[in-house]
Every structure is written in structure tokens, then in C-alpha cells.
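Encoded as C-alpha cells, the structure appears first; notes follow it.
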Amino acid sequence: MSRGPDVDSTLSYSKIVERYAHFFERPEVRLRFLHRTLARQAEASARAEEALARYPFLLRRRRLSEQLLKLWLYHLIFQELSRLLHSAQATPSVEAPRRRIRRLT
């Protein structure tokens, strides 16, 4: 029987993700980062619960599974950071053409 993530762990996950959201200047990119990362963490948590249900001896070690989920959260954070920061760098800024013009003169 799946209980889903409890409120305390969800709150701690969202606080961790919020700490990394400051890397993005635009609010819509921040929200996209927050939403996508937390959604992926919820999916991973559900999959982990299903997998742990097959191994009852691991269910007794709740702290271990919590630490593994937190480690996976950091993996997801860094994946999203690299994806979104890479796409933000690919979009040329207004200042970039000015810098190129200054180099020519």
C-alpha cells in the first residue's frame, strides 16, 4: 500500500530545490525549474516505494531510503540546472551583439 511522500519530506525537498532556483534571473524559468524538479522527485519517490515494497528488509531501514531519495533529488537538481542554464546561455542576450561590435571598433 503506497502512502506517498509525507509532508515533511516534501517540504524539505522544496526548500532544497528553492535554494538552487536563484541561479535563474527570469521568474518563469525559476518556476519551470521548481515545478519540473519537484514533479520528477515525486515520480522517483513513488517508483522507489514500489521497488522497496519488494524488499521488506529495506523498508525497515527508512533512513537509508530517505537518504537515497535526497541523493536522487540532488541528481535531478543538477540535471535541471545544466539543462536550463545551457539553454539560457544558448539564447543570445542584448549585450552580446554590443560586445561583438566593440571588439570590431
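When a residue number appears, it is its place in the shown sequence, counting from 1.
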(request) Determine yes or no for a side-chain-to-main-chain donor-acceptor pair under 3.5 angstrom, with Thr37 supplying the side chain and Leu34 the backbone. (result)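 Checked: no pair found.
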
Gap between atom [atom2] of [Y] and atom [atom1] of [X] - 0.5 Å precision:
X     : Y     : atom1 : atom2 : answer
Leu73 : Tyr20 : CG    : OH    : 9.0 Å
Leu52 : Arg47 : CG    : CZ    : 12.5 Å
Arg19 : Ile77 : CZ    : CD1   : 8.0 Å
Leu68 : Ser45 : CG    : OG    : 11.5 Å

(request) Following the transitive rule for hydrophobic clusters with a side-chain heavy-atom cut-off under 4.5 Å over Ile, Leu, Val, Met, Phe, Trp and Tyr, establish whether Leu11 and Leu76 coincide in one cluster. (result)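 Different clusters.
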
(message) Below 30° counts as parallel, above 60° as perpendicular, anything between as tilted: where do the rings of Phe24 and Phe33 land?
(response)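 It falls in the tilted class, 30° to 60°.
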
(request) May I have all residue pairs that pass side chain to side chain donor-acceptor pair (under 3.5 Å) and include part of residues 71-80, sequence neighbours excluded? (result)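 Found Arg36-Glu80, Arg40-Gln79, Arg40-Glu80, His75-Gln79, Glu80-Arg83.
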
(request) May I ask you to check whether over 12 heavy atoms, not counting those of Glu25, lie within 6.0 Å of atom CD? (result)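 Incorrect, the count does not exceed 12.
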
(request) Can you see which heavy atom on Leu84 is nearest to which on Val29, and at what distance? (result)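 Closest heavy-atom pair between Leu84 and Val29: CD1-O, 4.3 Å.
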
(message) Suppose clustering is done on Ile, Leu, Val, Met, Phe, Trp and Tyr with side-chain heavy atoms closer than 4.5 Å. Which residues sit in the same group as Leu71?
(response)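 Joined to Leu71, directly or through intermediates: none.
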
(request) Give the C-alpha distance, both sets of side-chain angles, the deciding distance and a yes or no for side-chain contact (heavy atoms from CB on, under 4.5 Å) between Leu69 and Gln41. (result) CA-CA 8 Å; Leu69 282 173; Gln41 178 64 20; 3.9 Å; yes

